[in-house]
Amino acid sequence: ETVSFNSELKAIGESAFSSCQNLTSLNIPGNVDRIGNYAFSGCIGLKTIIVEEGTRYIDSHCFYNCGNVETMSLPSTIIGVGDDALTGVPMEFETKDGVQYVGKVAYKLMDNAITDVVIRDGTVTIADHFAIYNSSMASLSLPSTLKCIGKNAFGWTSKPSFKSVVLPEGLEEISEMAFNNAKFSNITIPSTVKTIGGRAFGYCTALVRVNWNAVDAVVKRYDYDGVFYGCSGLEQVVFGEGVKRVPNGLFSEGAGNTIGSSNLYSLTSVTFSSTIEEIGDGAFCYCEALKTINWPEKSSLKKIGNSVFDYCFSLEEVVFPEGVETLGSYMLGANTGGDRKMALKSVTIPASVKSIGCQFIGERCDNVEKVISFIKEPMEIGNDEEGARAFYSYYVKNAKLYVPYGTKAKYEAQSSWQDDDNNPWEIVEFGTPSAAAQIASTTTNDFSLLSNETDLSSIIVDGVYLALDSDN
């Protein structure tokens, strides 16, 4: 009839006491942080439920259909209530402006005809499936205290018609499908967001611009789908100052070997901020319309992961910023079947690069005309099952490799900068030797001291008086 919980217990597991019909009284101490899904569902004999101060999470269907409860006490520390956690429990909810509250949680929108929804100040969490059946919502006001927006809170079967929403600074989690099918045209992701679920803004077909300010968020997928899956009208993405990392697969369906179509058919422009240090694997994979990459004048970027711009068929020129050190595998190309060719014509690699993944420029890059490398000490390219090659020369067969003056022999000596048949590309040196180098090439005298001179109008080197001809 009763259950005792010790003072060290942190959680009550899923379905732990489900359908225990003889259980009549329940007192859960505050050291229990989370009460799991269906933990006490169907306990129809329960008369008293007391959850003490300290407990924070009551998960989905936790007390579902405990229909004979006479006394119900929940703590003010609750910050998460799962969908239908309290459905069927005869308790009085605090209600304001058509919203049911459980402590600091906005639990249910009671009137599905409400057009203007205001979540009260002090609310920390909006529960899963909060407004799942509301299709009339024209506006949504969120408090500055909000930390978490639950799964399907304003999405899934509902299709809210509000055209804008301001997500407050301080928000930390946007769960999967939270705003699925919403109609707003732009959205700003706050800097404080730490976790964002797949399809959080899925199928927001009216969405045109995303301002991403999350410093270092993690994307949790929904069946491999990314955050903005199906946003077919999205045209522009701008990363704000302060952002440190672009998450894996942010604008694609998956990451690594699971990358697939993102349905982002209109995304043409991406602007990176100066504070970004890393772009995660597959961040823009399958953004087929992407044509413009705007890098900052001064960049903190050090690493660009694997397949970041894979299947970006519309890119014609990519100039990677000075300072980047790692360029991942399969960066540019389309490495599965099909006949469509990449528009890519030119790629520039800065001198700062220390590591390049294999097939950095890969399949279907037939239109590449030139690769400009400022690297003075070419490195070996990383190995994988396809072989250690920077370029898939079966496709990149008409391009020339431009390298700094005096480095051609070094590039020719590195097999991984050659084509698949181990034959060097056509390598062209750019830049001209210094005046000192030109003079040194015609004499046995040592002119290395010239590099330390600021006034070269005249100088004596190894007993030779040298004067520059001002007319030439």
Side-chain angles (χ1 to χ4, degrees), residues 55-60 62 74-87 89 91-197 199-202 204 207 211 213-214 217 227:
T55 299
R56 297 190 300 162
Y57 300 99
I58 300 175
D59 289 345
S60 172
C62 179
L74 297 176
S76 63
T77 51
I78 292 289
I79 59 172
V81 179
D83 61 289
D84 287 326
L86 301 169
T87 298
V89 179
M91 61 176 288
E92 291 187 10
F93 291 90
E94 185 180 0
T95 302
K96 183 178 181 181
D97 299 328
V99 177
Q100 280 185 344
Y101 291 92
V102 177
K104 298 177 182 178
V105 179
Y107 178 59
K108 290 287 184 186
L109 182 63
M110 295 306 297
D111 186 350
N112 289 322
I114 291 178
T115 57
D116 301 313
V117 176
V118 178
I119 307 299
R120 72 181 182 185
D121 289 340
T123 300
V124 173
T125 301
I126 297 175
D128 298 348
H129 298 254
F130 169 77
I132 192 171
Y133 299 115
N134 184 295
S135 298
S136 304
M137 198 181 305
S139 69
L140 173 64
S141 177
L142 302 175
S144 61
T145 53
L146 192 65
K147 298 294 183 184
C148 175
I149 300 175
K151 293 184 290 185
N152 304 303
F154 300 96
W156 202 34
T157 57
S158 67
K159 294 185 178 181
S161 58
F162 54 85
K163 295 183 179 179
S164 66
V165 63
V166 177
L167 301 177
E169 281 292 324
L171 183 65
E172 296 180 357
E173 181 175 356
I174 306 171
S175 301
E176 64 186 47
M177 300 182 72
F179 292 97
N180 198 62
N181 288 319
K183 299 296 185 289
F184 37 67
S185 60
N186 64 81
I187 190 69
T188 297
I189 308 300
S191 65
T192 50
V193 169
K194 298 176 180 178
T195 305
I196 187 165
R199 292 196 190 180
F201 300 94
C204 293
L207 187 62
N211 300 308
N213 294 331
V227 175

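All values below come from the heavy atoms of this structure, side chains included, with hydrogens, waters and symmetry mates left out.
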### Query
Taking only residues two or more places apart in sequence or in another chain, which ones pass salt bridge (charged side-chain N to carboxylate O under 4.0 Å, His left out) with Glu94?
Arg120

#### Entry: Flag if over 12 foreign heavy atoms under 6.0 Å of NZ, Lys151
no

### Task
Tell me, please, which residues at least two apart from Ser141 pass side-chain contact (heavy atoms from CB on, under 4.5 Å).
Val118

### Partners meeting side-chain contact (heavy atoms from CB on, under 4.5 Å) with Asp97 (sequence neighbours left out)
none

### Test side-chain hydrogen bond (donor to acceptor under 3.5 Å, both in side chains) applied to Asn213 - qualifying residues, sequence neighbours left out
none

### Query
Under the salt bridge (charged side-chain N to carboxylate O under 4.0 Å, His left out) test, which residues partner Asp59, sequence neighbours left out?
Arg34

### Message
Which residues pass the side-chain contact (heavy atoms from CB on, under 4.5 Å) test with Val124, not counting sequence neighbours?
### Response
Ile79, Lys104, Lys147

### Query
Are side-chain heavy atoms of Tyr101 and Thr123 found at a separation under 4.5 Å?
yes

### Query
Below 4.5 Å, heavy atoms only, C-beta onward: do Phe154 and Ile149 meet side chain to side chain?
yes

### Task
Report the residues that fulfil side-chain hydrogen bond (donor to acceptor under 3.5 Å, both in side chains) with Thr188, sequence neighbours left out, ordered by chain and then residue number.
Asn211

### Query
What residues form a side-chain hydrogen bond (donor to acceptor under 3.5 Å, both in side chains) with Thr77, not counting sequence neighbours?
none

### Message
Applying side-chain contact (heavy atoms from CB on, under 4.5 Å), can you list everything that pairs with Met91, at least two apart in sequence or on another chain?
### Response
Met72, Leu74, Leu86, Val89, Phe93

### Query
Who pairs with Thr192 by side-chain hydrogen bond (donor to acceptor under 3.5 Å, both in side chains), at least two apart in sequence or on another chain?
none

### Message
Looking only at the side chains, is there a donor atom on one of Glu169 and Ser191 sitting less than 3.5 Å from an acceptor on the other?
### Response
yes

